[in-house]
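Worksheet for the structure shown next.
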Amino acid sequence: VFRLVAGGKEVANIEDRHLDVIIVKAAPKVSRIFYAGKYDKDAAAVAPDCWSNDGETPDKSVKAPQASNCAKCPQNIAGSGNGNSRACRYQQRLAVVLANNPEGDVLQVTLPATSIFGKGEGDKLPLQAYARWAATQTPPVNLDMVVTRMKFDTSAESPKLVFAPQRWLTEGEYDT
C-alpha cells in the first residue's frame with residue numbers, strides 16, 4: 001500500500017499496486033540508516049541510532065556513530081542484521097509529484113535497497129537500472145520528462161518497488 005504520512009501520522013493511503021508519478025529529483029547518493037532496536041509496529045516512532053546522507057560517513061549530528069566511516073562499520077557486515085543481511089540499511093529518497101496532479105504537493109518517497117539495486121527485467125526495473133536504461137536511450141531520457149510507473153513487485157518477499165516509463169510529459173506538464 002502506498003501511504004501518505006504527514007507529521008508522523010498516516011493521512012491517506014492508496015491500495016492500487018501502482019502509482020504514476022513524475023520524478024522531480026533524486027538524492028544524489030544512496031544513504032544509510034541504522035536502528036539498534038528491533039522493529040515494533042506498535043511502538044512510537046524513534047529516530048535512527050546512526051545514519052549517513054552520503055553513504056560514506058555518519059552524519060555530523062549522530063550522537064553515537066557506529067564507526068568513523070560506513071565501509072568499516074560493524075553494522076555494515078553481512079550477518080549483522082537478520083539472517084545474512086546487514087543491520088545498516090541502504091535507502092534513497094525521491095521527490096515526486098503525482099502524474100494526475102503535477103501542480104500538487106511534492107512528495108518524498110524513501111526506497112529500500114531492494115528497490116534501488118539489481119538488474120530487473122522488462123518493466124520491472126529497480127531505480128538505478130531504470131536510470132541507466134533512461135541514460136542509454138537515443139536521445140537520453142531525463143526522468144523528469146516522463147511519467148514513471150512505480151509498482152509493487154508482487155513476486156518479492158518484502159515490499160519492493162519497480163519502475164517503468166509510461167509516456168512523455170506534455171509541454172504544459174513539464175513547465176509546471
| Counting heavy atoms not belonging to Q137, are there more than 12 under 6.0 Å from its CD? |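 Counting other residues, nucleotides and ligands, CD of Q137 exceeds 12 neighbours.
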
| said: Are there over 12 heavy-atom neighbours, none belonging to N82, within less than 6.0 Å of that residue's CG? | reply: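 It does not: N82 CG has 12 such atoms or fewer within range.
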
Same cluster for [X] and [Y] if Ile/Leu/Val/Met/Phe/Trp/Tyr side chains link at under 4.5 Å?
X: V21; Y: Y130; result: yes
X: V11; Y: V109; result: yes
X: L107; Y: L111; result: yes
X: V1; Y: V5; result: no
X: L143; Y: W133; result: yes

Set of residues satisfying salt bridge (charged side-chain N to carboxylate O under 4.0 Å, His left out) with respect to [X], sequence neighbours excluded:
X: E10; answer: R3
X: D49; answer: none
X: D54; answer: none

| What residue pairs, at least two apart or across chains, pass side chain to side chain donor-acceptor pair (under 3.5 Å) with a residue in residues 57-70? |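 Of all non-adjacent pairs touching residues 57-70, those that pass side chain to side chain donor-acceptor pair (under 3.5 Å) are N53-D59, D59-S61, Q66-Q75.
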
Determine the minimum heavy-atom distance between [X] and [Y], stating which atoms define it.
X: P58; Y: A67; value: CG-O, 3.2 Å
X: A135; Y: P140; value: O-CB, 3.7 Å
X: L19; Y: I14; value: CD1-CD1, 3.7 Å
X: I23; Y: T148; value: CD1-OG1, 4.1 Å
X: G55; Y: C70; value: O-CB, 3.5 Å

Inter- and intrachain pairs under ring pair (Phe, Tyr, Trp, His ring centres under 6.0 Å), touching [range], at least two apart:
range: residues 150-176; value: F2-F152
range: residues 29-79; value: none
range: residues 67-87; value: none

| side chain to side chain contact (heavy atoms under 4.5 Å, CB included) involving N84 - partner list, sequence neighbours excluded |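 Side chain to side chain contact (heavy atoms under 4.5 Å, CB included) list for N84, sorted by chain: A78.
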
| field | Qualifying residues under side chain to side chain contact (heavy atoms under 4.5 Å, CB included), relative to P126, sequence neighbours excluded | value |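 A129.
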
Atom pairs and distances, donor-acceptor, side-chain atoms in residues 88-102, under 3.5 Å, two or more places apart:
unit_1 : atom_1 : unit_2 : atom_2 : d
Y90    : OH     : R32    : NH1    : 3.2
Q92    : NE2    : A27    : O      : 2.8
N101   : OD1    : G104   : N      : 3.3

| query | Which residue pairs satisfy the salt bridge (Lys or Arg N to Asp or Glu O under 4.0 Å) criterion with at least one member in residues 154-164, sequence neighbours excluded? | reply |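 Non-adjacent pairs meeting salt bridge (Lys or Arg N to Asp or Glu O under 4.0 Å): D153-K160.
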
| So which pairs with a foot in residues 13-28 pass salt bridge (Lys or Arg N to Asp or Glu O under 4.0 Å), sequence neighbours left out? |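 Pairs touching residues 13-28 that pass the test: D20-R149.
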
| request: Check whether any side-chain heavy atom of L169 lies under 4.5 Å from a side-chain heavy atom of V147, and answer yes or no. | output: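 In short, these two side chains touch, coming nearer than 4.5 Å.
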
| query | Is there side-chain contact between R167 and E173, with heavy atoms separated by less than 4.5 Å? | reply |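 Side-chain contact under 4.5 Å: yes.
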
| query | Can you tell me how far the CG atom of L161 sits from the CG atom of L127, to the nearest 0.5 Å? | reply |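 L161 atom CG to L127 atom CG measures 10.0 Å (nearest 0.5 Å).
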
| request: Just do the side chain to side chain contact (heavy atoms under 4.5 Å, CB included) check on R86 and S80 with the steps written out, would you? | output: CA-CA 5 Å; R86 300 166 195 260; S80 60; 4.3 Å; yes

